[in-house]
Amino acid sequence: MDIDISALPSPCYIVDERLLLRNLEILHSVQQRTGCSILLALKGFSMHSVFPLVGNYLKGVTASSLFEARLGYEEMGKEVHIYAPAYVEEDFDEILGNCDHITFNSFDQWKRFKDKVKNFKTKKISCGIRINPEYSEIETPIYDPCYQYSRLGVTLPNFRPAELEGIEGLHFHTMCEQNSDTLERTIQVVDQKFGEFIKTMKWLNLGGGHHITRPDYDIETLVRTITFLQDKYGVDIYLEPGEAVALNTGFLVATVLDIVDNGMEIAILDTSAACHMPDVLEMPYRPNIIDAGKPGEYPYTYRLGGHTCLAGDIIGDYSFRKPIKPADRLVFCDMAHYTMVKNNMFNGVNLPSIALFSEEGGIHIIRQFGYQDFKTRLS
Ligand SMILES: *Cc1c(COP(=O)(O)O)cnc(C)c1O
């Protein structure tokens, strides 16, 4: 870490533009080699100050709601795709104005909004259906769109070929932080089950969960799989990763407020698992901290907790080479994705500031939050 963290407010998310560019270049190379289109899934990373940069490399964004779609339309201005498990009637006219592709989760939703799409004359919108191939390799049900009774996507027995008139694409999303071998096996199932319908489509969207920018990701298998689909079906291929765009590009800088003892030493920080890194509790996972190790790896072990009143607001147990003390700063790694988009002000805890580091500009503090942000979400 060559960024001067003492120049930052605390707590603060900081995204390193150099690392983001590295990811974007990898994703761009996949587009160049295959002719596929890669979209940023805003659900995972919506730091709109970098959308112009992302837009230099990717084809656009994919949204899960009207607000995300509008953000992508306004701040990036490239292709906007949307998928949601169900659309709200009152939102739909504005969705039409902001989106290029609309994917429906059921044939009934498609029937409900079909005429609105047809009658929308400003531009042509391409519509798709999300399918559920009932094949995934995800162990955690909360992240598995193919678990029993999943509401996400149409299964083969429920697929209605007679209602496909006007549908130009199929969409599936069945992966989470996975390598291309999983994609290759998934494609075999999709091909076998839905191949006869893909034949009649213009595009196939392979969803997100592709960990393309991870060091051990096998890009050759991804390229081969995309090429297979293009050759067999003549369809345009879309990928919509969120995590892979922002993977390992950001940090959360926090400060130790106090150390207490209750059977072990516990450090209380000015950040919170519950508010600022909710996936630590939800996934759950253990973020890395620069210069810290697993419990017992270095001489001084602490449990790190947040400053909310939630008993379980615990980030994890970490060890350090030297004792830590109030005012020390800690740097949590890989904090760009699924953090800013999920954070909250539970307990009236303020949100971390948001900063960007760039080669030319150094540290730029983009946004700081305060009492008004807390108050205006309540009434
Ligand atoms: C969550 C999601 C994505 C992005 O997933 P990542 O794991 O962040 O790559 C893409 N498409 C759909 C439909 C999603 O629900």
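First listed ligand is number 1; within each ligand, the first listed atom is number 1.
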Can you find an N or O of E243 that's nearer than 3.5 Å to an N or O of ligand 1? yes
Does ligand 1 have any atom sitting under 4.0 Å from a heavy atom of H337? no
Do W110 and I167 make a side-chain contact, defined as non-hydrogen atoms from C-beta onward lying under 4.5 Å apart? yes
For ligand 1, the portion of E240 having any non-hydrogen atom under 4.0 Å away: both
Atom indices of ligand 1, in the order listed, that fall short of 4.0 Å to a heavy atom of P241: 9 (O)
Ranking A41, G209, P145 by closest non-hydrogen atom to atom 5 (O) of ligand 1, top hit is G209
All heavy atoms of L229 vs all of I187, minimum pair found to be CD1-CD1, 3.5 Å
I would like to know whether E297 and S319 meet side chain to side chain donor-acceptor pair (under 3.5 Å); could you show each step before the answer? CA-CA 6 Å; E297 188 178 337; S319 67; 5.3 Å; no
Does the N or O separation between Y338 and ligand 1 drop below 3.5 Å for any pair? yes
Cation-pi geometry met for R130 and F172 (6.0 Å, 45°): no
Can you pull out the closest protein heavy atom to atom 1 (C) of ligand 1? Residue, atom name and distance to 0.1 Å, please. K43 NZ, 1.4 Å
Find all atoms of ligand 1 within a distance of less than 4.0 Å from any non-hydrogen atom belonging to G242, and give their numbers and elements. 4 (C), 6 (P), 8 (O), 9 (O)
E139: partners by side-chain contact (heavy atoms from CB on, under 4.5 Å), with sequence neighbours left out: none
Remaining members of the apolar cluster that contains Y298, side-chain heavy atoms under 4.5 Å: none
Check if G44 has a non-hydrogen atom at a distance under 4.0 Å from any atom of ligand 1. no
Hey, what do you get for CZ (F194) to OH (Y233), rounding to the nearest 0.5 Å? 11.5 Å
